Amino acid sequence: MASGTVTMTKDTILKVEHLSMKFGGLMAINDFSFEARRGEITALIGPNGAGKTTVFNCITGFYKPTMGMITLARKNGKELLLERLRDFEINKVGGVARTFQNIRLFSGLTVLENLLVAQHNVLMKASGYTILGLLGLPTYRKAVDASIEKAKYWLDKADLTDRADDPAGDLPYGAQRRLEIARAMCTGPELLCLDEPAAGLNPRESAALNTLLHSIRDEGVSILLIEHDMSVVMEISDHVVVLEYGQKISDGTPDHVKNDPKVIAAYLGVEDDEVDEVIAVELEGGHH
Ligand SMILES: Nc1ncnc2c1ncn2[C@@H]1O[C@H](COP(=O)(O)OP(=O)(O)OP(=O)(O)O)[C@@H](O)[C@H]1O
């Protein structure tokens, strides 16, 4: 079924139901439903202009959807309706972290400092928001130690320990991407949303990214990503959802999606009645 209401199971972390987003007269997203499962890497793919970024912006609170429900289920059993929260609340209360298509690091700060700054909120809370707290509270000292440990942990996972003291802006592009992800992980999210993490990476950097994303998933953190590069998506995702013209055209395992005639047609830009022809050509290609 291409769209419809999704049933929330205990494995579901995110449920999007009947999402629609209109920009003036343009229906960018039209009755779109899908579900992301806890501990999985879910990829949202589709041709240019399909509506991927718009869906992402609705989930992370940058846009208010015209219609629809977005439910996040936290580990503690609480369910939150994201379309009712503001972006910073989605991050803070919802445990959702995101990265952007364009890198947004503090390029003049060191790699380590970037990871510590990300934990500023936790530290301020531990200080009781007072100068006395900052100076003397044991809870604050403990929180500082914990934040350093966390930064060290993610430096190692992102293979950046050797560059810890270098300004973030001096890192090669692929390393900056991993640092952004490490920084997001330092906020302790349950759901990590990545906007085209592999864009512009060379094959070696792409492989390092895959390793990092798998290690994040193995810790039980769920990942939702938008990606253009089909080979990256097929390699790292557990679950793929395909959008075309704001509507869902396929949903399933990478293998299922890869062989779905509708997806093949969407990517090759052919009309419905040409799909059979496309499959025939694909099959023929496979036999050579
Ligand atoms: N803020 C906006 N105002 C008006 N139209 C918009 C806005 N944002 C997106 N759109 C339109 O909505 C449609 C979906 O765009 P969106 O950026 O979500 O697609 P996408 O799948 O992310 O594309 P790409 O792969 O090129 O990044 C497009 O037709 C786009 O022009």
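Counting starts at 1 for both ligands and their atoms, in listed order. Since the structure is predicted, the reported quantities are computational estimates derived from the model, not experimental observations.
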*Could you establish whether Phe56 and ligand 1 come within less than 4.0 Å of each other, counting only heavy atoms on the residue side?*
no
*Which is closest to atom 7 (C) of ligand 1 in terms of heavy atoms, Phe62, Tyr245, Phe23?*
Phe23
*Look at atom 16 (P) of ligand 1 and find which of Thr54, Ile45, Leu44, Asn48 reaches it with the closest heavy atom.*
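Of the listed residues, Thr54 has the closest heavy atom.
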When you compare ligand 1 with [X], is there at least one nitrogen or oxygen pair between them that comes in under 3.5 angstrom?
X      : value
Ala28  : no
Glu196 : no
Gly46  : no

*For Val111 and Leu179, which heavy atoms make the closest approach, and how far apart are they?*
CG1-CD1, 3.7 Å
_Side chains of Gln247 and Asp31: any donor to acceptor distance under 3.5 Å?_
no
*asked:* Using the rule side chain to side chain contact (heavy atoms under 4.5 Å, CB included), only one of Val241, Asn57, Leu243 pairs with Lys52; which is it?
replied: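 Only match with Lys52 under side chain to side chain contact (heavy atoms under 4.5 Å, CB included): Leu243.
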*Among Leu155, Val117, Leu115, find the residue that satisfies the side chain to side chain contact (heavy atoms under 4.5 Å, CB included) test when tested with Cys186.*
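Only one option passes, and that is Leu115.
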For [atom], what's the nearest protein heavy atom and its distance?
atom                    : value
atom 25 (O) of ligand 1 : Lys52 NZ, 2.8 Å
atom 19 (O) of ligand 1 : Gly51 N, 3.1 Å
atom 27 (O) of ligand 1 : Thr53 OG1, 3.7 Å
atom 24 (P) of ligand 1 : Gly49 N, 3.7 Å

*Is there at least one protein heavy-atom neighbour under 4.0 Å from atom 31 (O) of ligand 1?*
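Under 4.0 Å from atom 31 (O) of ligand 1, zero protein heavy atoms found.
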*Taking atom NZ of Lys22 as the centre, report whether more than 12 heavy atoms of other residues, nucleotides or ligands fall under 6.0 Å from it.*
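Atom NZ in Lys22 is not packed in, count stays at 12 or less.
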*How does Leu26 reach ligand 1, by side chain, by backbone, by both or by neither, if only non-hydrogen atoms under 4.0 Å count?*
side chain
*asked:* Test of understanding: given a 4.0 Å heavy-atom threshold, classify the contact between Tyr63 and ligand 1 as side chain, backbone, both, or neither.
replied: side chain
*Would you kindly check if the NZ (Lys) or CZ (Arg) of Arg98 is within the cone defined by 45 degrees around the ring axis of Phe62 and under 6.0 Å from the six-membered ring centre?*
yes
_Give the atom numbers and elements of ligand 1 that come within less than 4.0 Å of a heavy atom of Ala50._
19 (O), 20 (P), 21 (O)
_pair Arg177-Leu201: side-chain heavy atoms closer than 4.5 Å_ =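 Touching, per the 4.5 Å side-chain cut-off.
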*Give the C-alpha distance, both sets of side-chain angles, the deciding distance and a yes or no for ring pair (Phe, Tyr, Trp, His ring centres under 6.0 Å) between Phe56 and Tyr63.*
CA-CA 9 Å; Phe56 228 58; Tyr63 292 157; over 10 Å; no
*Thinking salt bridges, do Glu40 and Arg37 make one under a 4.0 Å N-O criterion?*
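Yes, charged N to carboxylate O under 4.0 Å.
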